[in-house]
Amino acid sequence: MKQILHGHIVHAPKLGALEILENGYMLLENGKIAGIAGALPDDWKGCEIIDYSDRIIMQSFCDMHLHAPQYPMLGMGMDLPLLEWLNTYTFKTEARFADVDYAREIYRRLAKELIDNGTTRVCAFSSLHLESTLVLMEEFEKAGICGFVGKVNMDRNGSPELQENTEDSIRDTIKWLDACPKDAHIQPILTPRFTPSCTNELMAALGKLAKERGLYVQSHLSENTSEIEWVRSLHPDCPQYWESYDKYGLFNSHTVMAHCVHSDERERKAIKDHNVVVAHCPDSNINLISGVAPIRQMLNEGIWVTLGSDIAGGAILPMMGVIAEAIRSSKIRRIHSNWTVDFLTVAEGYYLGTTSGAHYFGAGDGFANGDPLHAIVIDDRHYVDTHRLSIRDRFERAIYRAKTDDICAVYSAGRKVK
Ligand code: GUN
Ligand code: FE
């Protein structure tokens, strides 16, 4: 089936390079991008045209780090740093997902809110519960979300209501992997919560599974200084935090490490050399008083940086808000560097929230030919002065101002899901 989308097309094929086609056309063949053009080519004539005239068709978002079972506490518990926050609020909230009916209800609503805000691909943490993790995968799939979900592994330093023993953790992980549908848009990813949550025995078993089954891994790295000290005391043989993962085969190409706020030059070199993906979570890093990650340095060093909402450490679910927050955070780094370090531009922030994450799922640069369409359509015609503005200005305003209702259509993997 051939279709043409017509509207202002905006995408970010490369870091910092925004491509804009005013009144452009995009040809879709069975949901896959078959070309974009500034004027309607003769040989596209006769195809059905979906008319988004004077609206902005742009890439949808990749949220590369979020905690689905923290959705019920979104916007609360903002008065503690990481380790105290986990023990006081987070573990209690996640423990409720032992109840699969509760999980179904909450995850259905989370999936809808993600799609309504244009997040079509994710790399998400579930809780440690096997059944509820499968429910999360189902609800994401039904809503049209693509990507990875991980059953969390945690066999130490949890709470009475939220912890597994080592044997159960390994057994449930294998049961869960075997129960995941093979051709689904949502696939499993191994998810040791973070080094303090996992015994060496568990880490070794997960590293073995990653290798045997060719699975990706996601976790947390160097988010908070107390956490880093704790890891040092747990693994005195590891000069740095990342080595506590690497020792067990959990620091590989495509491993997603959230935060990396305090990763110094040596740790960043390891991230780069191992082709590890940084999920930058700017809102969470401020809320939990963790710090401001050195994103410009990482980009200069060629590190693969993506963005995450990290709900509920982050309180902003829409990725447009996360992009704006990443830009603001980079300006804080600029202030504290005596204006020697550049801030992120809107085009760069948008690339991190779209193309850079999309690469993780095998997509090309921007709206690349052959890729299944992941896009949103913004209707900003009701804002002031729209008819006087350039598309670039309208795009910037959308990043900073657009509300959920301004996203009038969402496409995920070639299907219209809103
Ligand atoms: N480190 C270990 N668990 C968590 C979590 O749930 N959120 C954040 N932000 N960091 C963590
Ligand atoms: Fe997190």
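Just so you know, ligand 1 is whichever comes first in the structure, and atom 1 is the first atom listed for that ligand.
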Asker: Using 30° and 60° as the class boundaries, would you call the ring planes of H259 and H65 parallel, tilted or perpendicular?
Answerer: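 Because their plane-to-plane angle is over 60°, the rings of H259 and H65 count as perpendicular.
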Asker: Whether R213 and D178 form a salt bridge (side-chain N of Lys/Arg under 4.0 Å from carboxylate O of Asp/Glu) is what I want to check.
Answerer: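 Salt bridge present between D178 and R213.
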Asker: Parallel, tilted or perpendicular: which fits the ring planes of Y245 and F251, with parallel below 30° and perpendicular above 60°?
Answerer: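 The rings of Y245 and F251 lie parallel, inter-plane angle below 30°.
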Asker: Between F361 and F148, what is the ring plane arrangement, given parallel below 30°, perpendicular above 60°, and tilted in between?
Answerer: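 Answer is parallel, since the angle falls under 30°.
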Asker: CG/L86 to CG/N224 distance, rounded to the nearest 0.5 angstrom?
Answerer: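 Interatomic distance, L86 CG to N224 CG, rounded to 0.5 Å: 9.0 Å.
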Asker: Where is the tightest heavy-atom contact between V278 and C260, given as atom of each residue plus distance?
Answerer: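 Shortest heavy-atom contact: CG2-SG, 4.0 Å.
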Asker: Between D405 and K403, is the closest basic N to carboxylate O distance under 4.0 Å?
Answerer: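 Result for this pair is no, no salt bridge flagged.
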Asker: Under 4.0 Å from a heavy atom of D310: give me the atoms of ligand 1 that qualify, with their elements.
Answerer: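 Ligand 1 atoms under the 4.0 Å threshold to D310: 8 (C), 9 (N).
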Asker: If you have a sec, work out which protein heavy atom is nearest atom 10 (N) of ligand 1 and how many Å separate them, to one decimal?
Answerer: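 Result for atom 10 (N) of ligand 1: E223 OE1, 2.7 Å.
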Asker: Quick one: does ligand 1 sit under 4.0 Å from the side chain of Y89, the backbone, both or neither, non-hydrogen atoms only?
Answerer: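 For Y89, no heavy atom sits under 4.0 Å from ligand 1.
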Asker: Within the 4.0 Å heavy-atom shell around L82, which atoms of ligand 1 are there?
Answerer: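 The list of qualifying atoms is 8 (C), 10 (N), 11 (C).
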Asker: Give every protein N, O or S atom lying under 2.8 Å from the Fe ion (ligand 2), naming each by residue and atom.
Answerer: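 Sorted hits: H65 NE2, H67 NE2, H220 NE2, D310 OD1.
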Asker: Need the ligand 1 atom indices (1-based, order shown) with element for anything under 4.0 Å from a heavy-atom of Q70.
Answerer: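 So the atoms of ligand 1 that pass are 5 (C), 6 (O).
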Asker: Closest non-hydrogen protein atom to atom 11 (C) of ligand 1, residue and atom name please, with distance?
Answerer: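 That would be H220 NE2, 3.4 Å.
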Asker: Taking the side chain as everything from C-beta on, heavy atoms only, tell me whether R415 gets closer than 4.5 Å to H185.
Answerer: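 In contact.
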Asker: Of all the atoms in ligand 1, which lie at a distance below 4.0 Å from a heavy atom belonging to H259?
Answerer: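 Numbered from 1, ligand 1 contributes 9 (N).
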Asker: Is the closest heavy atom of W85 to ligand 1 under 4.0 Å?
Answerer: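 Checking ligand 1 against W85, which is what was asked, there is a heavy-atom contact under 4.0 Å.
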Asker: Check E348 with K14, please: is the shortest side-chain N to carboxylate O separation under 4.0 Å?
Answerer: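 No, this pair does not count.
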Asker: Closest non-hydrogen protein atom to atom 3 (N) of ligand 1, residue and atom name please, with distance?
Answerer: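 Protein heavy atom with the smallest distance to atom 3 (N) of ligand 1: R193 NE, 2.9 Å.
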Asker: Indicate yes or no: at least one non-hydrogen side-chain atom of R397 is less than 4.5 angstrom from one of T386.
Answerer: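 Yes, at least one pair of side-chain atoms sits under 4.5 Å.
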